[in-house]
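First up is the structure itself, then whatever we jot down about it.
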Amino acid sequence: MALTTTLFLSILGAVLGMFYFGFNTGVINAPQDSIEAFINKSHQVHYDVVLEKSTIGTIFSIIVAMFVVGGMVGAMSGGLIAEKIGRKRGLILCGTVGLIGGVLSALSQPADAWELLLVARLIVGFSSGLFTVVAPMYLSEIAPVKWRGGIGVVNQLAVTLGIFISQILGLDNVLGNADNWPWLLGITAFPPLAQVIILFFCPRSPRYVYISLENAADARAGLYSLRGSDEEADMEIKEIEAEKQAESEPNMSLLDLLKSRTLWPALTIGIVMHLSQQLSGINAIFYYAVTFFIDAGIEKSDAKFANLGVGAIMVVMTLVTVPLMDRLGRRVLHLVGLAGMLIMAILIVIAASIESSGAQIFLIIVTLGFVVFFAVGPGSIPWMITGELFTQGPRGAASSICVLVNWSANLLVSLLFPNVLVLELKEYSFLPFAGCLLIFIVFVWLALPETKGKSVGETSKLVQDKKFMSGRKYT
């Protein structure tokens, strides 16, 4: 099977949304001092009041939090939008909203209105939340079965590229300064603009068109454009038809899914997989790496470059994982990733507890090792696993619930790590993450089936027919 131009463009169109999500995850933190100065200036211009430093910090924290709040609302809405207007049109809607958020971000400084920046970050977060639901769904439904894992990793590769590029552009001598920070936030409008243009030349999800819209002719035409072969299109249409005939669940709302006991095992697996990503401690690294390194005794200039190393390693290791996903499988890579992160988390605690220059270097090394193991499995697999566990009917609702849990856990870590764990546990702040990782390893070992090479219908039936928590018997 060859990679057709249409399949390439469809993948690119989807993952640009995940790039947008990755870029915006932490981009606003780099120019914090400049944005806080802008908040004070704009407030003084409009209200003739000089804000206290604590008030400025509170406003900035609210602006940062709006991204996650918007993301959670977007995650809750994503499944419904994907079911009502389809995956491709849902992505175009996401891109349009994301474009508006990027433009408003750039206009906040010329308008001298920090309130506009707050609204812009809410819109950017909402769009990102939609992307994290709809993009993985579209990718899982257009990907050939034997490439589904690798294409799912490309999804995470786009996220890591977005994070890394935002780190580079956010440096003081690039765009993370008082003169250029509106450009830093505003250029986020370009990926969704490119996405909307590209998606106009891409087909709708053949699986959605065939099963949900019951339009076999259009579904086959879309498959042919994606596969470039009548034979492969016909074979896949038969597989989709078999899934449709075997599917016992109609299109489901969030409440319908929660009431369906037969789907609880698959939903539990999906939720825990997303928790294993967010409660692993990786966002403590992404959000607070510079502060973390400085607190460990590393100079600020060196800490910023160490943080760039974190982003670079994420990109490289995610790229390495692309061919491994469909060779070794999701289950093996996720277990290896979690086990490696557990070891690295323990070593991070040990290194942070020792006061010496050698320990500082060792801390950087084991932190980068932590990121390496995250990229092996936990970084990408949760985004793809929901699409592999659920058939067409409940997939949208299941994706919304799992991604909402992901965003909620993200918010929990961002609040607890600096305000509770670091203050109370100090150098032992990664111990709770080590405990969570151990729990996730046990769960994945017992409960996660291997989805490599299986159709969605086969995987869904496998989970429903087997006793829950008997994952070691799954084949």
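In this chain, numbering begins with 1 at the start of the sequence shown.
- Considering CE of Met325 and OG1 of Thr318, their distance stands at 9.0 Å, rounded to 0.5 Å.
- Using modelled atom types, one side-chain atom of Arg331 and one backbone atom of Val444 make a donor-acceptor pair closer than 3.5 Å.
- Between the side chains of Thr451 and Glu388, at least one donor N or O lies within less than 3.5 Å of an accepting N or O.
- Taking each heavy atom of Cys202 and Lys88 in turn, the nearest pair found is O-NZ, 2.6 Å.
- A donor-acceptor pair under 3.5 Å links the side-chain atoms of Ser280 to the main chain of Gln277, judged by distance alone.
- Taking CE of Met137 as the start and OG1 of Thr132 as the end, the distance is 11.5 Å to the nearest 0.5 Å.
- Shown here for Ala397 and Leu257, the closest heavy-atom pair between the two residues is C-CD2, 3.8 Å.
- With no hydrogens or angles considered, a side-chain donor-acceptor pair links Thr188 and Asn24 at under 3.5 Å.
- Aromatic ring pairs are classed by plane angle as parallel below 30°, tilted from 30° to 60° and perpendicular above 60°; the pair Phe19 and Phe23 is parallel.
- In terms of modelled atom types and a separation under 3.5 Å, the side chain of Lys452 and the main chain of Arg327 share a donor-acceptor contact.
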*Is there a side-chain contact (heavy atoms from CB on, under 4.5 Å) between Leu279 and Phe440 once you walk through the steps?*
CA-CA 9 Å; Leu279 300 185; Phe440 294 136; 3.9 Å; yes
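- With hydrogens and angles disregarded, a donor-acceptor distance shorter than 3.5 Å links the side chain of Thr4 to the backbone of Leu226.
- In terms of modelled atom types and a separation under 3.5 Å, the side chain of Ser10 and the main chain of Thr6 share a donor-acceptor contact.
- The minimum heavy-atom distance linking Gln109 with Pro182 is given by the pair OE1-CG, 3.1 Å.
- Smallest separation of non-hydrogen atoms from Gln195 and Gly95: OE1-CA, 3.4 Å.
- At distances below 3.5 Å, at least one donor-acceptor pair connects side-chain atoms of Ser400 with backbone N or O atoms of Ala75.
- For Lys146 and Asp326, the salt-bridge test fails: no basic side-chain N is under 4.0 Å from an acidic carboxylate O.
- Using a 4.5 Å cut-off on side-chain heavy atoms (C-beta onward), Leu338 and Pro378 make contact.
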*Between Tyr208 and Glu83, does a side-chain contact (heavy atoms from CB on, under 4.5 Å) hold up when you go through it step by step?*
CA-CA 8 Å; Tyr208 172 80; Glu83 291 301 329; 4.3 Å; yes
*Asn155 and Met384: CA distance, side-chain angles, deciding distance, side-chain contact (heavy atoms from CB on, under 4.5 Å) verdict*: CA-CA 9 Å; Asn155 196 54; Met384 72 176 78; over 6 Å; no
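- A salt bridge links Arg395 with Glu141; the closest basic N to acidic carboxylate O contact falls under 4.0 Å.
- The two residues Lys454 and Arg148 have their closest heavy-atom pair at O-NH2, 2.7 Å.
- The CZ atom of Phe443 sits 9.5 Å away from atom CG of Leu275, with the distance rounded to the nearest 0.5 Å.
- Partner of Phe131 under the ring pair (Phe, Tyr, Trp, His ring centres under 6.0 Å) criterion, out of Tyr20, Phe21, Trp383: Tyr20 alone.
- A heavy-atom distance below 4.5 Å is not found between the side chains of Val69 and Phe126.
- Under the 3.5 Å distance criterion, the side-chain polar atoms of Ser34 are matched with a main-chain donor or acceptor of Ala178.
- We find the CD1-CD1 distance between Ile59 and Ile63 to be 7.0 Å, quoted to the nearest 0.5 Å.
- Within the 4.5 Å cutoff, side-chain heavy atoms of Leu333 are placed close to those of Leu324.
- To the nearest 0.5 Å, atoms CG (Leu16) and CD1 (Ile198) are separated by 5.0 Å.
- A donor-acceptor pair under 3.5 Å is absent between the side-chain atoms of Arg121 and the main chain of Ser105, judged by distance alone.
- Separation of atoms CG (Leu117) and CG (Leu185) is listed at 6.5 Å; rounding is to 0.5 Å.
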*Do Trp407 and Phe67 pass the ring-ring contact (aromatic ring centres under 6.0 Å, His included) test, and can you show the C-alpha distance, the side-chain angles, and the key distance before you say yes or no?*
CA-CA 10 Å; Trp407 279 89; Phe67 175 74; 5.4 Å; yes
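- Under the 4.5 Å side-chain criterion, counting only non-hydrogen atoms from C-beta, Leu319 is not in contact with Val315.
- Shown here for Pro382 and Gly377, the closest heavy-atom pair between the two residues is CD-O, 3.9 Å.
- The backbone N or O of Asn180 lies less than 3.5 Å from a partner atom in the side chain of Asn177, making a donor-acceptor pair.
- Aromatic rings of Phe370 and Phe430 (six-membered ring for Trp) have centroids within the 6.0 Å cut-off, being under it.
- Side-chain atoms of His43 and Thr55 form no donor-acceptor pair, as typed in the model, at a separation below 3.5 Å.
- Remark: of the listed residues Ile56, Val64, Thr58, Val64 is the sole one forming a side chain to side chain contact (heavy atoms under 4.5 Å, CB included) with Phe60.
- At distances below 3.5 Å, at least one donor-acceptor pair connects side-chain atoms of Asn40 with backbone N or O atoms of Leu51.
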*Ser408 and Leu404: side-chain contact (heavy atoms from CB on, under 4.5 Å), yes or no, with the steps?*
CA-CA 6 Å; Ser408 300; Leu404 174 62; 4.0 Å; yes
